[in-house]
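Working notes, beginning with the structure itself.
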Protein chains: 2
Amino acid sequence: MKEVARRAGVALSSVSRVLNDHPDVSDAMRAKVIAAIKELGYQPNLVASSLRRGSTKTVGFVVADISNPLFADITWGAERRLNRAGYSMVLTNSEGDPARDEKMVRLLRRRRVDGLIISLADETRKETIAELKHLEVPIVLIDREVGDLASASAVLADHAEGMRRATELLFDLGHRRIGLIGPSESTRPGRERLAGFKAAHSSRRVGVDWDLVKLGGLSPAFGEAMAHELLNLKDPPSALISAGNLLLVGTLRALHRARVSVGSEISLVSCDDVPLAELYNPPITVVDRNTVEMGEIAAGLLLERLEDPEAKPRVATVPTRLIVRASTAAAR
Amino acid sequence: MKEVARRAGVALSSVSRVLNDHPDVSDAMRAKVIAAIKELGYQPNLVASSLRRGSTKTVGFVVADISNPLFADITWGAERRLNRAGYSMVLTNSEGDPARDEKMVRLLRRRRVDGLIISLADETRKETIAELKHLEVPIVLIDREVGDLASASAVLADHAEGMRRATELLFDLGHRRIGLIGPSESTRPGRERLAGFKAAHSSRRVGVDWDLVKLGGLSPAFGEAMAHELLNLKDPPSALISAGNLLLVGTLRALHRARVSVGSEISLVSCDDVPLAELYNPPITVVDRNTVEMGEIAAGLLLERLEDPEAKPRVATVPTRLIVRASTAAAR
DNA sequence: TGCAGGTGTGGTAACGTTTCCGGTAGGATG
DNA sequence: CATCCTACCGGAAACGTTACCACACCTGCA
């Protein structure tokens with residue numbers, strides 16, 4: 001920049017003014033400076049700018065595992081929106097480890113991100129929450145609820161309603177013993193999906209059989225192991241809800257291994273409409289939601305507080321919808 | 001930091017020294033400073049540090065579309081490796097638009113990233129290459145080759161070999177008319193897959209029927225449209241290679257629409273072993289590669305040049321392997 | 001006792017911007 | 001013609017670190 005100023009025969013402050021198109025700059029000045037910039041191929045140093053301005057135009061993004069297509073979609077939506085607004089995203093994976101969540105938040109704090117979008121690995125962990133409270137920039141939670149963190153916005157999917165309708169669909173088809181494989185209750189989707197499952201049971205006056213409920217993970221391996229257990233029960237369920245796109249992968253592996261055919265022998269419901277669900281034979285009934293949109297909304301909630309520091313945190317809810325396909329059939 | 005120094009009754013430089021655990025610091029000093037840091041909850045400002053040191057400990061990552069599971073896996077591998085080495089990843093999506101590639105590179109240059117990992121949307125675009133040349137930090141290309149960019153390392157998958165073997169498998173099964181749907185040739189995987197396809201043809205002394213070759217996109221929509229065209233030919237192919245995980249989605253949609261059953265009526269091969277390929281009925285033969293590993297290697301190639309500025313750019317190749325499944329059957 | 005060679009420590013100049021303040025020139029106004 | 005205002009521009013102090021230099025003290029050795 002000094003170079004540019006010298007070349008254009010003007011002061012540093014003038015160069016800065018044309019760069020930030022400040023009103024107080026004549027056309028002649030602008031022309032000279034622009035020319036010098038072109039000739040030198042000068043590119044402003046955003047880190048110096050960040051230091052001086054006290055804003056990095058950067059937002060942190062913490063997610064368990066970007067390789068999960070669900071998070072990938074959310075990230076895609078969020079990054080696009082942020083980028084258009086002039087912000088860059090710094091991405092970190094917690095790898096599902098609550099302790100890493102905390103570490104990543106601390107790192108992002110040191111990097112002085114202007115805001116944070118996070119999908120906690122565990123909502124209940126004290127240390128992580130304490131770390132988040134230290135952060136004095138706007139926070140947006142993705143599908144997470146942290147009671148005593150009033151400073152955070154959130155975008156939430158209405159899992160409970162979707163799961164309730166899915167479960168009722170199964171009841172309507174004559175199923176009475178319904179298995180549920182889902183993520184742990186230390187995270188909102190796990191709790192909400194279980195809540196919807198329970199709501200459907202109580203509305204139909206059926207007691208929940210807790211032997212059929214397996215919560216605790218979201219990996220294919222967990223899905224496979226739990227499906228295997230359920231299938232080997234003396235009185236196995238006639239329908240299965242595999243509440244997660246990766247759990248579905250494991251569940252299908254277990255079903256194949258046991259040579260149980262979906263639809264005819266067991267009804268199956270999953271969550272999130274991935275290609276596998278759509279194109280499986282038979283196609284699989286799912287509780288879907290718009291994940292890309294969730295990312296966009298998360299970014300939007302953050303931007304509204306970045307652009308107006310007075311803005312209060314908000315929570316937005318996105319609906320789920322039940323897509324009924326051939327994997328759910330009448331009980332025999 | 002000034003605050004910490006005052007509180008501990010020492011000089012700024014001493015605080016800096018304990019922070020960077022410089023050898024010249026006594027135990028007493030360290031203790032005092034650590035205590036003051038704890039009391040104040042001080043977190044160093046990495047942007048100031050970056051400015052002063054001339055290194056941001058940050059690497060840029062440019063990818064067409066993070067929502068593509070392929071890129072998501074690569075990103076996952078790369079981010080993990082970088083994070084462990086103390087680097088943060090700033091992620092940008094080019095959305096498959098070559099002009100955005102260029103814009104993103106420029107942005108990352110301004111942000112003074114220490115290195116760049118990029119999977120160009122179009123390898124042939126002059127402006128993007130010029131922009132990359134201006135960058136004076138190490139670059140790693142992911143599955144891309146840019147002739148006159150000697151300064152870049154690269155990690156490449158051996159698509160040609162995999163595709164050759166897949167095509168030969170189809171020949172061995174008695175197929176003679178084989179359709180190919182693949183990405184455009186402006187990108188290495190497109191060229192290499194076509195090359196393997198051609199190699200197999202010439203080794204079997206079969207001429208390539210160019211009416212059966214549809215290159216140009218990687219979206220489900222493109223896959224569906226091209227598969228539809230191929231199926232409607234007066235003399236349609238008896239086997240189809242859908243060279244991309246998203247193309248597979250579109251291809252399957254077209255096949256379902258046309259009520260053509262995979263395996264028995266048409267043989268099908270795809271690339272990259274996504275859950276859909278494994279669990280589809282019948283399971284789909286694929287040319288697989290370890291995408292997570294590709295990300296790790298990309299990060300590794302970058303780190304070796306970051307840690308030793310003398311290190312020369314290298315190119316690493318990862319193998320592909322053919323996983324034969326029931327979707328490929330003898331021609332009738 | 002004097003001096004060389006460590007060990008720690010403090011002071012300060014950078015890094016590359018932005019922003020505020022003061023100043024100049026020129027035109028309009030009385 | 002003096003005055004005021006506007007429009008524009010230059011200088012310089014920050015932003016929060018790090019790295020270099022200088023110096024003070026101590027230990028051991030001649």
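Source: prediction; values computed, not measured. Reckoned from all heavy atoms, side chains included, excluding hydrogens, waters and symmetry mates. A note on names: the letters A, B, ... follow the listed sequences, proteins ahead of strands, and every chain is numbered from 1.
Rounded to whole Å, atom C1' of D/dT17 lies 10 Å from atom CG of B/L46. Protein atom CG of B/L19 is 15 Å distant from nucleotide atom P of D/dG16, rounded to whole Å. A straight line from CG of B/N20 to P of D/dG16 spans 17 Å, rounded to a whole angstrom. Atom CG of B/D21 and atom P of D/dA19 are 12 Å apart (whole Å). For B/N45 and D/dT18, the CG to C1' distance is 13 Å, given to the nearest whole Å. Rounded to an integer number of Å, the gap from CE of A/M1 to P of C/dC15 is 14 Å. With rounding to whole Å, A/R6 atom CZ is found 15 Å from C/dG16 atom C1'. Here the P atom of nucleotide D/dT18 and the CZ atom of A/R110 are 12 Å apart, to the nearest Å.
At a threshold of 4.0 Å, the pair A/R84-B/E95 counts as salt-bridged, since one of the basic side-chain nitrogens sits closer than that to a carboxylate oxygen.
When distances are taken from the side chain of A/S16 to each of D/dT18, C/dT19, C/dG8, the shortest belongs to C/dT19. Closest approach to the B/L51 side chain among D/dG10, C/dT17, D/dG16 is made by D/dG16 (side chain taken as heavy atoms from C-beta onward). Looking at the side chain of A/A48, the nearest of the listed nucleotides C/dG11, D/dC9, C/dT17 is C/dT17. The listed nucleotides are C/dG10, D/dG10, C/dT17; the one nearest the side chain of A/A11 is D/dG10.
Among the atoms of the strands shown, only primed sugar atoms or phosphate atoms (P, OP1, OP2) are found under 4.0 Å from some heavy atom of A/V25. Looking at heavy-atom distances under 4.0 Å, A/S49 makes contact with sugar-phosphate atoms alone, never a base. Among the heavy atoms of the strands lying under 4.0 Å from B/S14 are primed sugar atoms or P, OP1, OP2 only; no base atom is included. Nucleic acid contact class of B/V47 (heavy atoms, under 4.0 Å, all strands): none. Contact annotation for A/D24: base contact, defined as any heavy-atom pair under 4.0 Å involving a base atom. B/L12 comes within 4.0 angstrom of a nucleotide base, judged by non-hydrogen atoms across all strands.
Evaluation of atom-type donor-acceptor distances gives no pair under 3.5 Å for the side chain of A/R52 against the base of C/dT17. Checked by distance alone, B/R17 brings a side-chain donor or acceptor within 3.5 Å of a matching partner on the base of C/dG10. Looking at A/R112, its side chain has no donor and acceptor atom pair within 3.5 Å of the base of D/dG16.
Annotation: side chain of B/V59 is not in contact with side chain of B/L116 (no heavy-atom distance under 4.5 Å). Within the 4.5 Å cutoff, the side chain of B/R305 has heavy atoms near those of the B/S153 side chain.
B/S26 has a side-chain polar atom (N or O) that falls below the 4.0 Å cut-off from OP1 or OP2 of C/dT9.
Of the options A/T56, A/T58, A/L302, a side-chain contact (heavy atoms from CB on, under 4.5 Å) to A/D114 is made by A/T56 and by none of the others.
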- In sequence, state the C-alpha distance, the side-chain angles, and the governing distance for A/L107 and B/L46, and then conclude on side chain to side chain contact (heavy atoms under 4.5 Å, CB included). CA-CA 9 Å; A/L107 171 62; B/L46 287 185; 4.2 Å; yes
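Looking only at atom types and distance, the side chain of B/R112 has no donor-acceptor partner in the side chain of B/S50 under 3.5 Å away.
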